[in-house]
*Asks:* 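A single structure is presented below for examination.
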2 protein chains.
Amino acid sequence: MVSIKDIAKLADVSVSTVSRVLNEQEHVSIEKRTRVLQAIKQTGYVPNRAARDMVSKRTTTIGVVMPETFNMFQRQLFSMVAHHLEQFSYYTSFYFSSTDLQGERACLNRLKADRLDGIILLHEIMIPEFQTYLEANAIPTVLATFSRKDWQATSITISEEDAALTAVNHLISLGHRKIGFIGGEKYGFASVRLEGYKRALKDAGIDFDEQLVVQAQTYTMEEGAVATRTLIDRATPFTALFAITDELALGAIRALADRGLSVPDDVSVVGFDDIELASYSVPRLTTIRQPIPEMGQMAVALLYSLLTGSSRTPLSISLPTTFIERESTARLV
Amino acid sequence: MVSIKDIAKLADVSVSTVSRVLNEQEHVSIEKRTRVLQAIKQTGYVPNRAARDMVSKRTTTIGVVMPETFNMFQRQLFSMVAHHLEQFSYYTSFYFSSTDLQGERACLNRLKADRLDGIILLHEIMIPEFQTYLEANAIPTVLATFSRKDWQATSITISEEDAALTAVNHLISLGHRKIGFIGGEKYGFASVRLEGYKRALKDAGIDFDEQLVVQAQTYTMEEGAVATRTLIDRATPFTALFAITDELALGAIRALADRGLSVPDDVSVVGFDDIELASYSVPRLTTIRQPIPEMGQMAVALLYSLLTGSSRTPLSISLPTTFIERESTARLV
DNA sequence: GAAAATATTGAAAACGTTACCATACTTACT
DNA sequence: AGTAAGTATGGTAACGTTTTCAATATTTTC
């Protein structure tokens with residue numbers, strides 16, 4: 001494997017000069033620069049990143065932490081993030097943290113070993129060591145899609161509760177009063193969206209019914225189908241469903257169809273996220289659009305301002321969502 | 001940031017001893033080992049990966065190369081690969097190579113800089129430098145989902161042509177004779193699946209009609225819908241469609257529905273891959289299942305045998321596919 | 001035309017680890 | 001008792017870069 005010394009020898013210059021050419025610094029004569037460039041081209045030399053990182057004390061790499069079982073929304077968001085990081089010529093490293101504590105700890109250790117310049121967290125983390133480490137080492141961090149009261153970090157969120165409220169209000173405005181809720185974990189955005197659901201019901205004078213709420217384990221279509229079957233089997237009648245992710249909603253539509261219930265004729269369904277699939281499903285899904293491109297762009301822009309030190313105080317930015325009416329909801333007849 | 005020297009000082013031993021504890025080597029007294037472990041725990045020390053990689057001449061990291069716009073099949077495959085690499089305690093680094101040559105070159109350079117121990121390619125690459133680099137440096141490589149005549153590398157594939165043949169034969173057996181084909185690029189698996197389509201027609205004595213073939217740019221639902229509209233607008237009648245990926249098929253179903261055509265009553269559709277969504281769509285998709293878990297497992301197992309030197313000769317392994325009949329195909333009435 | 005400033009260059013230190021070698025001490029076997 | 005073989009330990013070189021410093025060469029300025 002060819003090293004900087006080989007290039008220096010080949011171009012008959014010192015390693016310092018090669019290094020200067022490599023890092024596009026000044027103070028290199030045109031003659032020597034061309035010789036070095038020629039040697040590099042000839043050998044196909046690329047500097048060893050490990051060596052470079054070690055001595056320069058920076059990795060030009062940003063860690064993006066995602067759940068191992070990321071859904072379409074997270075997948076699209078990370079695409080945007082990766083794309084924008086490249087614009088700022090940063091490398092992107094992905095870290096998948098599984099849902100158990102042990103997996104999260106493993107993720108943190110890999111992350112520590114890599115001495116990253118910055119971190120973007122795309123999902124809530126559970127172990128406190130994570131936050132401790134980032135704060136203790138003053139590593140620029142952006143929390144995307146969530147925030148924490150006990151963490152004074154730059155974050156980018158949406159107004160989850162209001163968005164959920166809008167979704168449920170739409171169903172209510174169509175005449176629905178028995179509205180099922182397909183949710184998830186008791187913390188994080190799932191719980192906040194449930195609050196929005198409750199508030200919409202309360203505002204409309206509809207009693208909250210525990211029997212109409214079902215919690216999914218993960219945000220997959222399969223779980224959405226399972227949850228919907230559970231709901232149907234409870235025999236508490238409902239004419240509409242609000243699912244907290246599009247995948248859950250799509251799974252719900254599948255399960256309803258299996259029981260001979262048509263969407264939106266028999267049951268109206270509204271999702272959340274507006275993943276690509278939402279506009280291609282049959283029927284097309286009524287949903288809340290999260291501004292994925294803007295979220296990705298903002299997350300990177302904010303991180304960049306932290307990295308360059310142009311901004312020191314952590315900012316909390318909330319982006320607007322949009323209600324998208326498609327074909328999965330209809331007026332109650 | 002705490003280093004191995006700090007730990008050595010704190011535990012009152014030499015750095016050599018700390019290194020031995022870190023790498024779980026022998027020749028360390030229980031007494032000193034506990035002192036070192038205690039110091040590590042106390043400081044939260046994690047060895048610097050860059051330093052470790054540089055001197056040890058190995059990174060314990062495998063690069064997984066994926067297209068930037070990976071589809072669900074590739075997403076599921078990479079999940080399996082990442083999971084199995086972890087089992088063998090290798091790190092996984094993802095490299096996204098865009099479809100243009102420049103993007104691929106950038107991908108290669110990052111990969112070179114990282115001095116990976118091995119590579120798994122999840123999609124065909126275009127620039128020859130890639131292969132040159134891997135071969136010149138004898139980097140253990142596994143080609144997953146494709147192979148190359150001019151590349152004597154370990155590969156794991158399916159019999160693309162036979163699988164496509166099976167899919168089209170199914171349509172023919174249902175009485176269809178005017179079968180549309182939604183394909184893609186002129187190289188790689190897209191072209192091979194087209195061959196399977198042609199062979200099936202030929203075997204059944206059906207003339208190949210160029211008007212029934214349409215090429216998508218990417219394998220997304222959107223492209224599937226676009227392609228289908230093109231096909232309909234050509235006014236060459238068809239009663240069935242074979243799409244070379246499930247996403248294309250799902251997009252096709254959407255476009256057909258938009259034109260008032262019902263699946264499978266008016267048109268039968270069969271896809272390829274059997275992504276999760278295929279069993280949740282309305283209607284459920286008839287498709288060819290690729291053995292994703294086995295492919296991921298085999299890819300990693302083969303790479304491991306290359307890494308440990310237990311196998312030197314490149315193996316080409318072909319895995320069987322399964323035809324899955326669901327609801328998107330019906331007998332021609 | 002001399003002094004000052006600036007550009008070009010290379011030598012050597014440093015980064016944080018592991019690998020290798022040397023030494024001191026045990027233990028085991030003739 | 002004396003040698004061989006092993007265990008525990010530390011010192012130091014090495015890895016491939018960038019950074020810093022010092023030395024020269026060239027240009028600018030008055």
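Throughout, protein chains are lettered first and strands after them, A, B, ... in sequence-line order, and every chain is numbered starting at 1. Everything quoted here is computed from the prediction, not taken from an experiment.
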*Asks:* Return the minimal non-hydrogen interatomic distance between A:I156 and A:A299, and the atom names on each side.
*Replies:*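 Shortest heavy-atom contact: CG2-CB, 4.1 Å.
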*Asks:* Taking five pairs at each end of the helix from C:dG1-D:dC30 to C:dT30-D:dA1, what angle separates the two helix axes (nearest 10°)?
*Replies:*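 Answer rounded to 10°: the end axes differ by 30°.
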*Asks:* Can you give the first and last nucleotides of DNA chain D, 5' to 3', that have an atom under 4.0 Å from a heavy atom of chain A?
*Replies:* D:dG16 to D:dT19
*Asks:* How far apart are the C-alpha atoms of A:V64 and A:L85, what are their side-chain angles, what is the distance that settles it, and do they pass the side chain to side chain contact (heavy atoms under 4.5 Å, CB included) test?
*Replies:* CA-CA 10 Å; A:V64 178; A:L85 282 173; 4.1 Å; yes
*Asks:* Any donor-acceptor pair under 3.5 Å linking the side-chain atoms of B:H27 with those of B:T17?
*Replies:* no
*Asks:* Among pairs that include at least one residue of residues 103-116 of chain B, which meet side-chain hydrogen bond (donor to acceptor under 3.5 Å, both in side chains), considering only residues two or more places apart or in two chains?
*Replies:*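 For residues 103-116 of chain B, and leaving out neighbouring residues, the side-chain hydrogen bond (donor to acceptor under 3.5 Å, both in side chains) pairs sorted by first residue read A:R49-B:D114, B:Y95-B:D114, B:R105-B:E129.
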*Asks:* Could you go step by step and tell me if B:I317 and B:L302 meet the side chain to side chain contact (heavy atoms under 4.5 Å, CB included) rule?
*Replies:* CA-CA 10 Å; B:I317 290 192; B:L302 289 177; 4.2 Å; yes
*Asks:* Please identify each residue that fulfils ring pair (Phe, Tyr, Trp, His ring centres under 6.0 Å) with B:F88, with sequence neighbours left out.
*Replies:* B:Y304
*Asks:* How far apart are the closest heavy atoms of A:F73 and A:Q290, and which atoms are they?
*Replies:*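 Looks like CZ-NE2, 3.3 Å.
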*Asks:* Please name all residues satisfying ring pair (Phe, Tyr, Trp, His ring centres under 6.0 Å) with A:F94, sequence neighbours left out, ordered by chain then number.
*Replies:* A:F78, B:F96
*Asks:* Kindly give the atom pairs (protein nitrogen or oxygen, nucleotide nitrogen or oxygen) under 3.5 Å for nucleotides 14-19 of chain C.
*Replies:*
from	atom 1	to	atom 2	distance (Å)
C:dC15	O3'	A:K57	NZ	3.3
C:dG16	OP1	A:K57	NZ	2.8
C:dT17	OP1	B:Y45	OH	3.0
C:dT17	OP1	B:N48	N	3.2
C:dT17	OP2	B:I4	N	2.7
C:dT17	O5'	B:Y45	OH	3.2
C:dT18	OP1	B:N23	OD1	3.4
C:dT18	OP1	B:N23	ND2	3.0
C:dT18	OP1	B:R52	NE	3.0
C:dT18	OP1	B:R52	NH2	2.9
C:dT18	OP2	B:S19	OG	2.6

*Asks:* Please report the closest heavy-atom contact between B:G296 and B:L77, naming both atoms and the distance.
*Replies:*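 Result for this residue pair: N-CD1, 3.6 Å.
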*Asks:* Answer yes or no: is there a donor N or O on one side and an acceptor on the other, between the side chain of B:Q74 and the main chain of B:N71, under 3.5 Å?
*Replies:*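 Here the side-chain-to-backbone pair exists.
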*Asks:* Rounded to whole angstrom units, what separation is found between the NE2 atom of B:H27 and the C1' atom of C:dC20?
*Replies:* 13 Å
